[in-house]
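All ligand and atom numbering here is 1-based and tracks the order in the structure. Since the structure is predicted, the reported quantities are computational estimates derived from the model, not experimental observations.
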Amino acid sequence: MNIDHIPRPLYIAHRGVCARYPENTLAAFRGAIDAGAHMIELDVTLSKDRRLVVIHDETVDRTTNGQGAVNALTLTRLQQLDAGSWFDSRFAGERLPTLAQVLDAVKGHLWVNIEIKPEAFEKEGPIDAVERQVCDLVVAKRMRDAVLISSFEWRVLERLRLLDARIAIGLLSEGPADEHLGYWQKRLGAFSWHPDYRVLTRPQVDAVHAMGAWVFPYAVNGRIDTRGLLAMGVDGLITDDPDQMRVA
Ligand code: G3P
Ligand code: CA
């Protein structure tokens with residue numbers, strides 16, 4: 001699977017198929033394969049013992065039966081938590097996966113958009129910094145051509161680019177495309193821009209295409225928004241339910 005040959009429009013399952021499964025669990029990522037998504041999106045951060053764990057929030061409170069900050073809990077403790085029951089009792093026993101476990105589960109089936117959470121960024125850039133661990137793992141799994149790494153913290157992406165000149169990078173932002181985006185797109189040779197779909201306009205899509213990057217808005221749900229965004233010329237959609245998008 002090579003990121004340069006992805007189809008359009010690309011359906012990217014947000015946190016797995018998080019409309020139908022507990023987000024960021026192996027069940028949600030397997031669900032994305034079953035749903036025929038082209039790519040999964042997931043969130044990665046560091047545990048207390050500096051392991052790569054897949055979870056969206058800074059705490060485990062919302063998506064597990066535990067409490068506390070993710071970076072205050074060891075991976076062993078994090079993986080003892082039930083990450084499925086909060087969503088539906090059918091998913092009791094689902095665990096918070098490591099990034100390695102997710103990559104193993106989906107390799108060869110679909111592309112992976114790894115979002116590095118901003119809170120995992122460390123200015124001093126230690127030897128086991130989150131971006132270095134992600135990069136090393138992706139290379140070790142021989143999945144360099146199957147991943148797209150994004151973050152709202154563009155300094156983490158800058159570090160990543162220094163580590164690997166070719167790995168695909170996605171610039172995440174809440175605001176519209178502007179000169180700042182243009183500067184960073186060029187500086188990092190970013191593959192794509194991932195904006196909040198609510199700020200997107202056709203001129204912005206055109207401007208980012210002119211920069212040479214693809215546009216993958218998040219998190220798009222519902223037929224009206226889907227049709228509108230596809231008509232604007234976006235290249236893919238980060239969505240909670242790829243099944244629903246397909247019939248738009
Ligand atoms: O990567 C797109 C989207 O996931 C960013 O927002 O809060 O769902 O991580 P969030
Ligand atoms: Ca995310």
Side-chain angles (χ1 to χ4, degrees), residues 3 6 9-26 28-29 31-32 37-46 52-64 70-71 83 86-87 96-99 102-103 106 110-121 130-131 134 138 146-154 156-157 160 167-177 181 184-185 188 190-200 204-205 208 213-222 225-226 229 234-242 244-245:
I3 194 95
I6 56 179
L10 189 76
Y11 290 102
I12 306 170
H14 188 220
R15 309 180 196 173
V17 183
C18 69
R20 295 171 190 256
Y21 300 87
E23 64 182 56
N24 281 320
T25 62
L26 292 182
F29 300 128
H38 303 111
M39 182 182 283
I40 53 167
E41 188 266 0
L42 59 81
D43 303 287
V44 73
T45 191
L46 290 175
L52 295 173
V53 62
V54 176
I55 184 170
H56 178 272
D57 296 358
E58 288 186 57
T59 76
V60 299
D61 300 17
R62 182 178 61 88
T63 59
T64 76
V70 176
N71 65 8
W86 69 275
F87 187 83
L96 296 176
T98 61
L99 181 59
V102 178
L103 295 182
V106 305
L110 34 63
W111 288 274
V112 183
N113 174 198
I114 301 170
E115 182 193 339
I116 300 178
K117 299 314 283 183
E119 58 268 20
F121 174 70
V130 65
E131 64 276 5
V134 169
V138 165
V147 301
L148 169 60
I149 302 179
S150 61
S151 186
F152 286 105
E153 175 52 83
W154 295 356
V156 90
L157 301 176
L160 192 69
I167 205 158
I169 283 177
L171 290 162
L172 258 167
S173 65
E174 290 172 342
L181 177 75
W184 280 91
Q185 197 285 327
L188 302 183
F191 180 82
S192 50
W193 176 47
H194 306 193
D196 183 326
Y197 81 95
R198 292 169 296 189
V199 304
L200 205 52
Q204 286 179 43
V205 175
V208 173
W214 292 30
V215 181
F216 301 138
Y218 71 89
V220 184
N221 294 301
D225 286 333
T226 296
L229 288 158
V234 303
D235 305 286
L237 300 165
I238 300 174
T239 172
D240 296 344
D241 189 352
Q244 189 190 332
M245 297 297 100

Worksheet item: Hey, does H194 come in under 3.5 Å of ligand 1, counting only N/O atoms on both sides?
Response: no
Item to complete: For the Ca ion (ligand 2), state how many protein N, O or S atoms fall inside a distance shorter than 3.0 Å.
Response: 3
Discussion item. Distance alone, cut at 3.5 Å: any donor-acceptor contact between the side chains of T45 and N71?
Written reply: no
Practice prompt. Check for a donor-acceptor pair, side chain of T239 on one end and backbone N or O of V220 on the other, with a separation under 3.5 Å.
Written response: yes
Item to complete: Determine yes or no for a side-chain-to-main-chain donor-acceptor pair under 3.5 angstrom, with E41 supplying the side chain and N113 the backbone.
Response: no
Worksheet, complete the sentence: Result for ring pair (Phe, Tyr, Trp, His ring centres under 6.0 Å) between H194 and one of Y218, W214, F216 points to F216
Discussion item. Please check whether N113 reaches ligand 1 - meaning an N/O of the residue sits under 3.5 Å from an N/O of the ligand, judged on distance alone.
Written reply: no
Worksheet item: Step by step, would you call I6 with L148 a side-chain contact (heavy atoms from CB on, under 4.5 Å)?
Response: CA-CA 11 Å; I6 56 179; L148 169 60; over 6 Å; no
Discussion item. I'd like to check which ligand 1 atoms, numbered from 1 as shown, lie under 4.0 Å from a non-hydrogen atom of D43.
Written reply: 9 (O)
Response to the item:
Residues at least two apart in sequence or cross-chain that pass salt bridge (charged side-chain N to carboxylate O under 4.0 Å, His left out) with D61, listed by chain then number, are none
Worksheet entry | Partners meeting salt bridge (charged side-chain N to carboxylate O under 4.0 Å, His left out) with D240 (sequence neighbours left out) | none
Fill in: Numbering as shown, the atoms of ligand 1 that approach K117 to under 4.0 Å (heavy-atom distance)
9 (O)
Fill in: Partner residues of A177 under the side chain to side chain contact (heavy atoms under 4.5 Å, CB included) criterion, sequence neighbours left out
L181, W193, Q204, V208
Practice prompt. Pull out every atom of ligand 1 sitting under 4.0 Å from any heavy atom of R15, numbered as shown with elements.
Written response: 7 (O), 8 (O), 10 (P)
Worksheet item: Of the protein's non-hydrogen atoms, which lies at the shortest distance from atom 7 (O) of ligand 1, and what is that distance?
Response: H56 NE2, 2.7 Å
Worksheet item: Numbering the atoms of ligand 1 from 1, which are under 4.0 Å from a heavy atom of E41?
Response: 1 (O), 2 (C), 3 (C), 4 (O)
